[in-house]
Amino acid sequence: MSRIKIFDTTLRDGEQSPGVNLNLAEKIVIAEQLERLNVDIIEAGFPAASKGDFTSVQKIAQTIKNSSVTGLARAVQSDIDTAWEALKDGAEPRIHVFLATSPIHRQYKLKMSKEQVVEKAVSAVKYAAQKFPIIQWSAEDACRTELPFLAEIIEEVIQAGAHVINIPDTVGYINPYEYSKVFQYLKNNVPSFDKVSFSTHCHDDLGMATANSLAAIEHGATQVECTINGIGERAGNAALEEIAVALHIRNDHYKKSTRINLKEISRTSSLVSELTGMVVPGNKAIVGRNAFAHESGIHQDGVLKEKTTYEIISPELVGYQSNNMVLGKHSGSHAFKTRLVELGLKIDDSDVKELFVAFKELTDHKKEITDEDIIAIVLEKKLSKEEKYYELVDVKVNHIEGSAPKATVKLSGAKNELIEQTGTGSGSVEALYNTLEKSVNGDANLLDYRIQSVGGGRDALAQVFVKVRYQDTESNGRGLDQDVLVASAKAYLHAINRVILEKEQTVEIVNS
Ligand code: KIV
Ligand code: ZN
């Protein structure tokens, strides 16, 4: 059975989702989880786009050993040089060079003739070949490109040294039948088709990204580009979990395997949703809250009699556990450490002690500590290494019947100075946020506020997500605590700190 390579672009195309802006620590945590999921290739970013992107691609390439790490580059020497600097320490450095080929892009964006586009693509690939052992070339907007020209330029870039050819449906326009025909055409008209790998990269504007990717796999693609939860530009990219599970469940039809560890899917999905702030819709295939729920009486009856009547995928297959192992007050450090190992969490020995203290503190307030709690504690610890500007020292909110709630907040600032403020509001959260706003030097408008529990039970940890506009920049923040108001304060400060720290970096956004 032939194997399909999974190329994950959550950290590049996924990060281009409106409103998503991951920092270095978050990107590393996601990359480590993608490695645990066993993706073949991680596209970690676009190194020439900004200093921040460069650093995160470099750090990810240096950290990840079991997946190949790649970065995007325009077909220009300076982008390729920057990508090499970022990727050269990786286990298997590869570059992803792209250039648009469609008449619309040639005429309006590039203002180049067909000949000029071929010449630019070929010289970029030849230049990249002097540095990189593996080169992927993408024909941006391939699906709206004249097929004879697409075949011609592909043959040229293969001759120039490309190893992987990607056929993106950049604008999510094509349908599965037409996409199959594109691959069939290329198979018949690119003389070196069999000497390289072909890749699929689909956007979901018409809701056909997964179906298109699977159609390409049936017609010669051996690599599929996708993102966790299908996040990405506009309507997003093809969803990794849908493709991996479809290939597994419908193996009778596709007869292709992947190396994906399907049991890591639910955890990866939650992590990406949590760190990007992009909520997974309840009815989302494979990872939505309702994906395995049976509501109608007839269905429930059928499932109770025989699961396969209405269930084609078992929740356990993708990592939803029915009997989550529970630790508690009496669990010692050995049991805690064992669980960390069983959960596949990479923890430095020096951090285990501190994590155990956090675990014990939680057992003072919470009877049963589930895997979700442990993962949340570990994540908090990993991400708390981020630099902070403002840190929460204390928060109190008094709610006296008949009068406006009053908040008192203590923060430490960049020079460890203590900032103390009080304020009121029509509710506890508003009082808290009005007071925090006074403390952070400038207007900070709250654009979105969401709260969810980590796992079940009335003593569950609270996770708060906010979107704030501060210093003319929109920023997301997260906060975790057993107390809803402390979690709310942490989330707000997280969003504010991100803006301050990002502004400190010199950002040179390249207009691609
Ligand atoms: O959608 C697209 O065309 C892309 C390319 C850069 C591969 O993301
Ligand atoms: Zn794309």
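Counting starts at 1 for both ligands and their atoms, in listed order.
Ligand 1 does not have Gln16 within reach: every non-hydrogen atom of the residue lies 4.0 Å or more from it. Heavy atoms of Glu225 stay at 4.0 angstrom or farther from ligand 1.
Ranking protein heavy atoms by distance to atom 8 (O) of ligand 1, first place goes to Arg12 NH2, 3.0 Å. In terms of protein heavy-atom proximity, atom 4 (C) of ligand 1 is nearest to His201 NE2, 3.5 Å.
Short contacts between ligand 1 and Thr170, defined as distances under 4.0 Å to a heavy atom of the residue, involve ligand atoms 1 (O), 2 (C), 3 (O). Atoms of ligand 1 lying under 4.0 Å from at least one heavy atom of Glu140, given by number and element, are 3 (O). Less than 4.0 angstrom separates some heavy atom of His96 from each of these atoms of ligand 1: 7 (C). Contact atoms of ligand 1 toward His203: 1 (O) (distance under 4.0 Å to a heavy atom of the residue).
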Exercise. Are Gln33 and Glu264 close enough, and set up right, to give a side-chain hydrogen bond (donor to acceptor under 3.5 Å, both in side chains), and what steps lead you there?
Worked result: CA-CA 8 Å; Gln33 179 57 29; Glu264 289 293 329; 2.9 Å; yes
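The closest donor-acceptor contact from the side chain of Ser269 to the backbone of Ile265 lies at 3.5 Å or more, if one exists at all. Listed for the His203 side chain is a donor-acceptor partner under 3.5 Å among the backbone atoms of Gly236.
Using a 4.0 Å cut-off between a side-chain N of Lys or Arg and a carboxylate O of Asp or Glu, Lys131 and Asp81 qualify as a salt bridge.
The one candidate from Arg498, Lys503, Glu502 that meets the side chain to side chain donor-acceptor pair (under 3.5 Å) condition with Thr473 is Lys503.
For the residue pair Asn237/Thr227, the side-chain donor-acceptor check at 3.5 Å is not satisfied.
Within 6.0 Å of the CZ atom in Phe193, the count of heavy atoms belonging to other residues, nucleotides or ligands exceeds 12.
Of all the N, O or S atoms in His203, the one closest to the Zn ion (ligand 2) is NE2.
In summary, an N, O or S atom of Asp13 is located under 2.8 Å from the Zn ion (ligand 2).
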